[in-house]
Amino acid sequence: MIKAETLTKRYGAITAVDELSFTVQQGEVLGFLGPNGAGKTTTMRMLAGFVQPTSGQAEMCGFSVEREPTQAKRCIGYLPEGAPCYDEMTPRDFLGFVASIRGLTGAEKRSRTDNAIDRLNLGSVLNQPVGTLSKGFKRRVGFAQAILHDPPVLILDEPTDGLDPNQKHEVRNLINAMSDDKIIIISTHILEEVAALCNRIIIVSEGKIATDETPDTLIRRSRYHNAVTLQFEPTGQPDQAAAMIGQLAGIDHVETDAATRSITAFPANNALIVTAIADMAREENWPLEQLHLEAGRLDEVFRSVTTPETVQ
Amino acid sequence: MSVVGVILSRELKSYFATPLAYVFSVIFLALTGAFTFYLGGFFERGQADLAPFFSFHPWLYLFLIPAISMRIWAEERQSGRIELLMTLPVTMGQAVIGKFLAAWIFTAVALALTFPIWLTVNYLGDPDNGVVLTGYLGSLLMAGAFLAIGSCISAANKNQVIAFIVTIAICFVFLLSGFPLVLDFFSAWAPQGIVDLVSGLSFLSHFDSLSKGVIDIRDVVYFLAVITAWLFANAIVLELKKAD
Ligand SMILES: Nc1ncnc2c1ncn2[C@@H]1O[C@H](COP(=O)(O)OP(=O)(O)OP(=O)(O)O)[C@@H](O)[C@H]1O
Ligand SMILES: [Mg+2]
């Protein structure tokens with residue numbers, strides 16, 4: 001279990017992290033979101049024992065990060081932001097070094113290292129100095145270092161930054177495969193990633209927790225949740241359709257987008273309006289390219305939660 | 001292998017993975033050779049000992065050791081690798097000692113490579129090899145003290161050039177603290193006790209007797225104490241500065 005109790009970090013006049021409290025249980029994959037400078041990296045550094053909190057404390061697997069740092073660090077795999085590494089070392093030497101520091105020896109050291117190399121597809125670059133690797137490979141070396149000792153807690157600061165789509169996919173599969181018996185905290189700016197990976201999302205803004213919920217409930221906050229979008233063929237009459245849909249029961253308002261010839265109907269009070277609209281489209285024989293029910297848009301929720309103007 | 005051992009061996013390998021080791025050894029050897037044979041009047045003295053050789057070590061170290069020590073922590077902080085190291089299950093003490101020992105062993109290797117000078121003096125005459133050995137011991141201890149100072153300064157500065165210059169300045173004061181240049185500065189205002197204390201801190205006076213073959217345990221303890229004190233300060237500075 002991870003416990004953060006009123007974690008606070010001040011840099012001079014800047015309060016980077018402001019009394020953050022949360023606990024994370026085994027099996028949770030926690031997505032840590034927030035605008036640039038919100039305090040994600042600082043929080044993760046405090047959890048990993050690199051930055052000393054100004055006040056408050058963190059606990060890892062029952063060990064206080066401040067009082068029993070070595071035990072706490074043993075149960076963490078940490079990928080720092082930017083994945084710093086020893087440039088002159090090869091991935092093989094580097095992983096060997098980390099394994100030795102973590103107290104692995106002999107056959108176990110070899111099998112754990114090989115396993116990490118395998119899982120991150122590092123086979124082709126094993127003997128090339130890390131400094132000469134591409135950004136994505138550097139990141140993967142950093143990731144391999146974090147999972148080497150099969151830790152119960154993984155703290156990953158932007159793990160998929162700089163990876164190509166195939167590797168992103170691989171890394172997501174890897175995280176999914178590990179998620180059952182671990183605690184994983186991921187910070188990222190890729191919202192689709194959070195939806196695909198996490199079963200809990202914390203959005204931080206200016207060092208404070210803005211929301212803490214599951215992706216499903218978060219997405220329901222979107223004004224697009226249960227909205228219906230219709231896209232017309234060039235022969236269609238979107239404006240006319242919009243006016244007709246506006247008359248239906250349970251519709252709050254309708255927005256039209258002339259450029260894409262589409263209209264979006266927003267329900268009042270989350271009412272389910274899709275059947276009524278679909279029926280109307282069939283009766284009126286509208287020439288539609290597509291009609292779909294919106295689940296909600298995370299980027300829009302993110303914006304509304306983290307920009308001060310729209311916070312109620 | 002212990003954690004200190006793992007850090008030490010990684011560091012030591014990295015010295016030899018970059019040109020630093022070779023450049024340093026070659027320059028160190030060239031300078032000790034040149035100073036000993038030309039400036040030191042090695043042949044003209046007509047004595048079979050290494051006194052001229054050792055007498056230049058403090059001055060060579062003054063510039064060469066900061067060149068090694070400046071990167072010990074500054075580079076680590078600058079590149080962000082310190083975040084990696086400090087989130088592994090490593091204590092601050094283990095990290096500081098491991099890195100220091102690697103640098104010290106590296107210097108010891110460079111020092112050992114001066115053995116042709118020792119061979120020469122044995123070929124030409126009949127030196128007291130006990131004195132030579134004590135001289136090497138003194139030189140190594142002094143190098144350790146320089147390195148410990150440099151390591152601490154390197155932890156306080158992300159900028160390697162600043163670490164280099166500040167280390168030279170501090171080492172210079174430590175070297176010369178038994179001499180009028182430094183003592184006059186203190187004697188003008190400080191009580192005699194302080195002046196004596198400062199003069200007792202001089203690297204040169206402690207190294208001098210060792211290089212002449214006199215093993216005074218106080219000299220050995222002095223250098224070890226200086227190393228310990230600066231490494232202790234190093235750990236504290238790093239604890240405060242690591243995440244800045
Ligand atoms: N060492 C430091 N000294 C001074 N201020 C700092 C330091 N580290 C972080 N900060 C400040 O703390 C705040 C939070 O930074 P942090 O790196 O945690 O943000 P983040 O959420 O990770 O942002 P990003 O999405 O850009 O990675 C920022 O205002 C930053 O400038
Ligand atoms: Mg960050």
Side-chain angles (χ1 to χ4, degrees), chain A residues 9 11-12 16 41-42 44-54 60 63 65 68-90 93-94 96-106 109 129-131 141-142 145-146 148-149 151 153 155 157, chain B residues 1-24 68 71-99 101-102 106 155 158 160 235-244:
Chain A
K9 181 67 193 177
Y11 291 107
T41 298
T42 308
M44 290 176 139
R45 284 179 171 169
M46 289 193 280
L47 294 177
F50 180 59
V51 164
Q52 204 86 21
T54 311
M60 288 285 152
F63 298 109
V65 174
E68 302 145 298
T70 312
Q71 284 102 317
K73 285 168 187 174
R74 273 201 194 105
C75 74
I76 307 175
Y78 177 54
L79 172 64
E81 185 172 45
C85 196
Y86 290 94
D87 284 351
E88 77 281 0
M89 292 179 105
T90 64
D93 288 345
F94 174 65
F97 164 70
V98 174
S100 301
I101 288 253
R102 295 222 176 254
L104 300 172
T105 50
K109 175 175 165 181
V130 175
V141 172
Q145 164 276 127
L148 196 62
H149 53 304
V153 176
I155 300 178
D157 203 346
Chain B
M1 213 180 344
S2 71
V3 171
V4 172
V6 175
I7 295 177
L8 190 161
S9 77
R10 197 216 71 79
E11 283 291 308
L12 208 52
K13 270 185 218 142
S14 89
Y15 279 110
F16 292 97
T18 59
L20 177 74
Y22 306 102
V23 172
F24 179 85
I68 296 183
R71 52 167 288 286
I72 294 182
W73 289 106
E75 192 180 34
E76 213 83 356
R77 285 181 56 201
Q78 186 61 45
S79 64
R81 293 190 307 232
I82 191 164
E83 184 169 0
L84 189 82
L85 187 60
M86 290 299 154
T87 49
L88 292 171
V90 171
T91 65
M92 189 60 82
Q94 289 167 332
V96 167
I97 292 171
K99 274 176 159 280
L101 285 181
F106 170 67
K158 267 189 191 174
Q160 296 193 31
I236 292 171
V237 167
L238 209 53
E239 192 66 57
L240 294 173
K241 289 260 200 175
K242 62 183 177 186
D244 280 1

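Chain letters run A, B, ... following the sequence lines, proteins first, then strands; residues in each count from 1.
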Next on the checklist: Among A:Thr70, A:Thr105, A:Ile101, which residue has the highest count of heavy-atom pairs closer than 4.5 Å to chain B?
Outcome noted: A:Ile101
Checklist entry - Looking only at heavy atoms, which two atoms of A:Cys75 and A:Met60 are closest? And how far apart? => result SG-CB, 4.0 Å
Checklist entry - Where on A:Asp93 is there a heavy atom nearer than 4.5 Å to chain B: the side chain, the backbone, both, or neither? => result neither
Item to check | Under 4.5 Å from a heavy atom of chain A, the part of B:Ser14 involved | outcome: both
Checklist entry - Of the backbone (N, CA, C, O) and the side chain (C-beta and beyond), which part of A:Tyr86 lies under 4.5 Å from a heavy atom of chain B, both, or neither? => result both
Next on the checklist: Please classify the contact between B:Glu239 and chain A as side chain, backbone, both or neither, with a heavy-atom cut-off of under 4.5 Å.
Outcome noted: side chain
Checklist entry - Taking 4.0 angstrom as the limit, do A:Glu68 and A:Arg74 come out as a salt bridge? => result no
Checklist entry - How far apart are the closest heavy atoms of A:Ala48 and B:Thr87, and which atoms are they? => result O-CG2, 3.6 Å
Next on the checklist: Is it the case that the side chain of B:Lys99 and the backbone of B:Ile72 share a donor-acceptor pair, with hydrogens and angles ignored and the cut-off at 3.5 Å?
Outcome noted: yes
Next on the checklist: If the threshold is 4.0 Å, N to carboxylate O, is there a salt bridge linking B:Lys242 and B:Glu76?
Outcome noted: no
Checklist outcome for this item: Applying a strict 4.5 Å limit to non-hydrogen atoms, the region of A:Gln71 in contact with chain B is neither
Checklist entry - chain B heavy atoms under 4.5 Å from A:Pro69: which part of the residue, side chain, backbone, both or neither? => result neither
Next on the checklist: Quick check against the 3.5 Å criterion: does A:Lys73 have a side-chain atom that pairs as donor or acceptor with the backbone of B:Thr91?
Outcome noted: no
Next on the checklist: Below 4.5 Å, heavy-atom pairs only: which of B:Val3, B:Ile82, B:Thr18 has the largest tally toward chain A?
Outcome noted: B:Ile82
